[in-house]
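I have placed the structure first, in the form of structure tokens, so that the comments after it can refer back to it.
When a residue number appears, it is its place in the shown sequence, counting from 1. This structure is a prediction, so every number in the text was calculated from the model and none was measured.
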Amino acid sequence: MLFIWSYLLVLLPGVRLVLCKSDTGKENVQVRLSKADGAAPSLDWNSAVTKAKAFTSQLEFDEKIAMVTGNSATNLQGCVGNIDPIPRVDFEGLCYSDGPQAFNRADGVSIFPSGVTAGATWDKDLIFQRGVALAEEFKAKGVHVMLGPVSGPLGRNPLGGRNWEGFSPDPYLAGQAMKATIHGAQSIGVQTSSKHYIGNEQETQRSQGKASDGSIVEAVSSNIDDRTLHELYLWPFADAIRAGTTSVMCSYNRVNGTYACSNKYLLTEILRDELGFQGYVVSDWWATHGTAEYANGGLDLEMPGVQIPEWPTYFGANLSAAIQAGEVSEARLDEMVTAVMTPYYLLEQDSPDYPKLDSSLAYVKPIHDAGWANLPPSLQNSTPPVGLDVRGNHASLIRKIAAAGTVLLKNEENILPLKDQTLRNIGVFGNDAGAPTDGLVYDGSTGSEYGTVDIGGGSGTGRHMSLVTPLEAIKQRSSTVGARVQHILSNKVIAANDFRSIYPIPDICLVFTKSWATEGLDRVSFEADWNSTAVVNNVAGLCNQTVVITHSGNINTMPWANHPNVKAILAAHLPGEESGNSLVDVLWGDVEPSGRLPYTIPKVAADYDIPITNRTGEDVGRYGWQANFTEGLNIDYRHFDSLDTEPLYEFGFGLSYTSFELSGGTTFAKSTPNETLYEVPDPSLIIMPGGNPDLWKTILTGQTTIKNTGSRPGATVLQLYVSFPVHSVPDGTPRRVLRGFEKVFLEPGEERVVMFPLMRRDLSYWNIERRVWQIPEGEFILSIGFSSRDLRDTVGLEVL
């Protein structure tokens, strides 16, 4: 039986005891992962490596080549990628499937809240549970590798088409979410593939293409200095490696002129040597453009291995020839195979009890990708089976996460929560409120005009079995108190100011706006889609009690936010299949709005001055696509701070139905008061997953007290920001950076002590000359509050 460490009452590394109150108020003991420590759970990597080496030694040369070359063309199992079985050695193969928020190309699965929604919860335990539930569905379908989680793109470009798959443009928040997801998923025995490594910050020209004359045009090059690479884009991947992620997916783009999947500095010197990565590197699908330089650079597995004219395979026969020619050593091939197989044994996926593949996958994938008419000939005359339903009770968790990731941005006159006793007539407006008219599987460049958006498009999307729309849930809730619901779902009608169908004017008007985002395309506007500004303004002109709800995986401007009749705003992000239910929970106050922004909302689009690099239509030659990350570390709230620009709603912001205050002084103390700290980590220590173990040592611990001063139970997110000593850090250092957070639930009048452990890494910058993490001399400013600009208590402290 699989050793599921997360549920055992054993004090293993990375597990701690916590006291929780039951419904009766009595304290009981639970076990959960230590989010503060962040170490990987106790898994026997050494034993797994030994087994993988023994397996590799049994293989013939051609079998080794097959082990590092995907083969999804000949395999009709329905996985997005495969490693072929080798019956001679009792190996049944490996199945890879998308994606980070749903099992894509499958029937009988759940649509979970997207990464950005999970990030907006700021709740490590909920993110852990989301990772568990996702992996349960992948495993029940017989899949070995879940292609996720995502921290690339991190979110440098606020219009990036895939930002919604990740958690936040802040590396600390993203890293904590990566860690919790990996711990959760791998506790179930499913491999994670942390992606996309690295600098994959836009969809425009993300991969190699061709000009109109047929000549090759290389992918955009993300040109990143070494400090920015380490402190920003690498940070969450270091957390992922520390958490024990079994694979890292290298990205399509180039980094400083070299493709990420052949970049020896990134894949070998950083991942292996500096961070102690124990798993394997897999290419993004068709991200390989060569053979020897990729294998020698650190790529272990090419995917998908499909040989078609547009996308040739560079491993397979080409790798075999490169080894025969002495360009790649056979020892390197053995190393690649061993790396791929180690997680298979680590998570006991060789067990005869591991579920077999759901037979419906072989039908769903080709139908999803190309339609019913393009089913493979071998399947055309057979009856497609119903997919194995693996959802279990995940709908309740999805509803909980979606509500927890909903951010209350405005609540004038305490219009929310809605009060049944005074509510008799509700108006629902906007094309995001109802069911998708194009069906429950939607994609494409613009999404459906009609229908609520609960997930984005591309490989990270999913196929709904269930979707509770806002209109449906509002009608259901209103019926319990006899309230009337009127609605107009056509944005064209609303934008034309045609409200003839509405009578009488509702007591309250709920306006739903949406923004579509998908892989393969970057957004072109900060405003929500489908003439949203006119829609909001016209409804607010009709109704003096207007509430706006946004469904979006990206940052939107809100030019209507200060309209006098817009009394409340809720950012509901991409909530997954329980969209309507989770929203009703918050609107009516059954659930306290506890989400906080994982990004910054600007007053105007120009305040975000980091555009997508776009040279479409220009003759720039083969290497002309260059994205220079000249802003360095200053993205999102750091960018706003560096320019003293006031946002509309700042990073970390969110309102509640109750109120909170710091009720005691904040203190910080060295964890070992008599120990002398050195400016750099101890170089004599052996590199472990995540890097030098000294980086992960807690050196300071902060303490503060939080109190619920309101009349309702609720949760808030305490946030810790660090400002580095001004005179001893290089230019370009952000004014403040997030270095800790805790979500705290309190009853009215209850107060609680909250601890903030700070590790050496948290208080270091990357010294590019010495190539080492260094603690600067001087006074650090440590601030605790409720957002990046609502800091209630500040302490100055010298660390060295």
Answer yes or no: is there an ion pair linking Arg332 with Asp300, defined by an N-O contact shorter than 4.0 Å?
yes
What closest approach, in Å, do Met249 and Ser193 show between heavy atoms, and which atom pair accounts for it?
CB-OG, 3.7 Å
Can you find a side-chain donor-acceptor pair between Asn82 and Gln77 that sits under 3.5 Å?
yes
I'd like to know whether Phe91 forms a ring pair (Phe, Tyr, Trp, His ring centres under 6.0 Å) with Tyr344, so could you lay out the CA-CA distance, the side-chain angles of the two residues, the decisive distance to 0.1 Å, and finally the verdict.
CA-CA 10 Å; Phe91 175 62; Tyr344 177 73; 5.4 Å; yes
Are Trp773 and Asn767 linked by a side-chain donor-acceptor pair shorter than 3.5 Å?
no
Look at the side chain of Ser262 and the backbone N and O of Thr258, then say whether any donor-acceptor pair between them is shorter than 3.5 Å.
no
Tell me whether Lys51 is salt-bridged to Asp350, with the criterion being a basic N under 4.0 Å from an acidic carboxylate O.
no
Side chain proximity check, Tyr252 to His289, heavy atoms < 4.5 angstrom
no
May I have the step-by-step check of salt bridge (charged side-chain N to carboxylate O under 4.0 Å, His left out) for Asp334 and Lys64, ending in yes or no?
CA-CA 7 Å; Asp334 288 349; Lys64 294 178 185 178; 2.7 Å; yes
Any chance you could lay out the salt bridge (charged side-chain N to carboxylate O under 4.0 Å, His left out) test for Glu136 and Arg391, step after step, and finish with the verdict?
CA-CA 9 Å; Glu136 286 174 343; Arg391 295 174 296 165; over 6 Å; no
Correct closest heavy-atom pair for Ala295 and Leu319 would be CB-CD1, 4.1 Å
Whether Ser187 side chain and Gly184 backbone form a donor-acceptor pair below 3.5 Å
yes
Any donor-acceptor pair under 3.5 Å from Asp369 side chain to Pro366 backbone
no
Closer than 3.5 angstrom, by distance alone: can the side chain of Lys139 be matched with the main-chain N or O of Ile188 as a donor-acceptor pair?
yes
Look up atom CG in Asp284 and atom NZ in Lys195, then write down how far apart they are to the nearest 0.5 Å.
7.0 Å
Could you measure the distance from the NE2 atom of His394 to the CD1 atom of Ile401? Nearest 0.5 Å is fine.
10.0 Å
Heavy-atom nearest pair, Tyr280 first then Arg272, reads CA-NH2, 3.7 Å
Can you tell me how far apart CZ (Phe103) and OG (Ser97) are? Round to the nearest 0.5 Å.
3.5 Å
Evaluate the side-chain proximity of Val49 to Lys53: yes if any heavy-atom separation is below 4.5 Å, no if none is.
yes
Can you tell me if Glu137 and Ser110 form a side-chain donor-acceptor pair at under 3.5 Å?
yes
Let me see the working for Gln101 and Trp164 under side chain to side chain contact (heavy atoms under 4.5 Å, CB included), right down to the final yes or no.
CA-CA 10 Å; Gln101 31 265 318; Trp164 59 277; 3.5 Å; yes
Closer than 4.0 angstrom, basic N to acidic O: yes or no for Arg761 and Asp239?
yes
In short, Pro681 meets Asn692 closest at the heavy-atom pair CB-ND2, 3.6 Å
Taking all heavy atoms of Pro171 and all of Leu154, pick out the closest pair and write down the distance.
CA-CD1, 4.3 Å
Okay, side chain of Asp226, backbone of Ile768: is any donor-acceptor separation there less than 3.5 Å?
no
Evaluate the criterion side chain to side chain donor-acceptor pair (under 3.5 Å) for residue pair Ser459 and Arg162; output intermediate values, then yes/no.
CA-CA 10 Å; Ser459 61; Arg162 298 187 80 175; 3.1 Å; yes
Nearest-0.5 Å distance that lies between atom CD in Glu293 and atom OG1 in Thr291
6.5 Å
Residue from Asn71, Val145, Thr69, Leu301 passing side chain to side chain contact (heavy atoms under 4.5 Å, CB included) with Ile83:
Leu301
Tell me whether Glu201 contacts the main-chain N or O of Pro153 through its side chain, where contact means a donor paired with an acceptor under 3.5 Å.
no
If you measure from CD on Gln324 to CD on Glu330, what distance do you get to the nearest 0.5 Å?
8.5 Å
Go through Glu165 and Ser114 one step at a time and tell me if the side chain to side chain donor-acceptor pair (under 3.5 Å) criterion holds.
CA-CA 6 Å; Glu165 294 186 28; Ser114 295; over 6 Å; no
State whether Lys356 and Glu92 are salt-bridged, where the test is any N-O pair (Lys NZ or Arg NE/NH1/NH2 against Asp/Glu carboxylate O) under 4.0 Å.
yes
Heavy atoms from other residues, nucleotides or ligands near CE of Met465 exceed 12 (cutoff 6.0 Å)
yes
Hey, are Ser222 and Tyr233 close enough side-chain-wise for a donor-acceptor pair under 3.5 Å?
no
Within the side chain of Asp123, is there an N or O that forms a donor-acceptor pair under 3.5 Å with the backbone of Leu126?
yes
Could you check Tyr265 against Asn256 for side chain to side chain contact (heavy atoms under 4.5 Å, CB included), going step by step and ending with a plain yes or no?
CA-CA 11 Å; Tyr265 175 63; Asn256 297 330; over 6 Å; no
Indicate yes or no for a side-chain donor-acceptor contact from Ser283 to the backbone of Met303 under 3.5 Å, with no hydrogens or angles considered.
yes
No-hydrogen, no-angle side-chain donor-acceptor test under 3.5 Å, His230 and Glu274:
yes
Determine whether more than 12 heavy atoms belonging to other residues, nucleotides or ligands lie under 6.0 Å from atom OH of Tyr678.
no
Please find the pair of heavy atoms, one from Leu267 and one from Leu299, that lie closest to each other, and give the distance.
CD1-N, 3.8 Å
Backbone of Leu379 reached by a side-chain donor or acceptor of Ser382 within 3.5 Å:
yes
A side-chain contact here means heavy atoms from C-beta on lying under 4.5 Å apart; do Ile182 and Pro149 qualify?
yes
No-hydrogen, no-angle side-chain donor-acceptor test under 3.5 Å, Thr338 and Thr56:
yes
Any donor-acceptor N/O pair, Asn200 side chain to His196 backbone, under 3.5 Å
no
Rounded at 0.5 Å granularity, tell me how far OG in Ser151 sits from CD1 in Ile198.
7.5 Å
Donor on one side chain, acceptor on other, Asn263 and Tyr197, under 3.5 Å
no
Are the charged groups of Asp107 and Arg463 less than 4.0 angstrom apart, N to O?
no
Ring center gap for Tyr314 and Tyr294 short of 6.0 angstrom
no
Walk me through it: do Leu147 and Tyr96 pass the test side chain to side chain contact (heavy atoms under 4.5 Å, CB included)?
CA-CA 7 Å; Leu147 298 178; Tyr96 294 71; 4.1 Å; yes
Run the numbers on Thr288 and Tyr259 for side chain to side chain donor-acceptor pair (under 3.5 Å), then give the verdict.
CA-CA 8 Å; Thr288 309; Tyr259 275 103; over 6 Å; no
Side chain to side chain donor-acceptor pair (under 3.5 Å), that's the test. Do Thr192 and Thr245 meet it? Break it down for me.
CA-CA 6 Å; Thr192 56; Thr245 189; 2.9 Å; yes
If the test is side-chain hydrogen bond (donor to acceptor under 3.5 Å, both in side chains), which one of Gln349, Gln186, His144 qualifies with Gln191?
Gln349
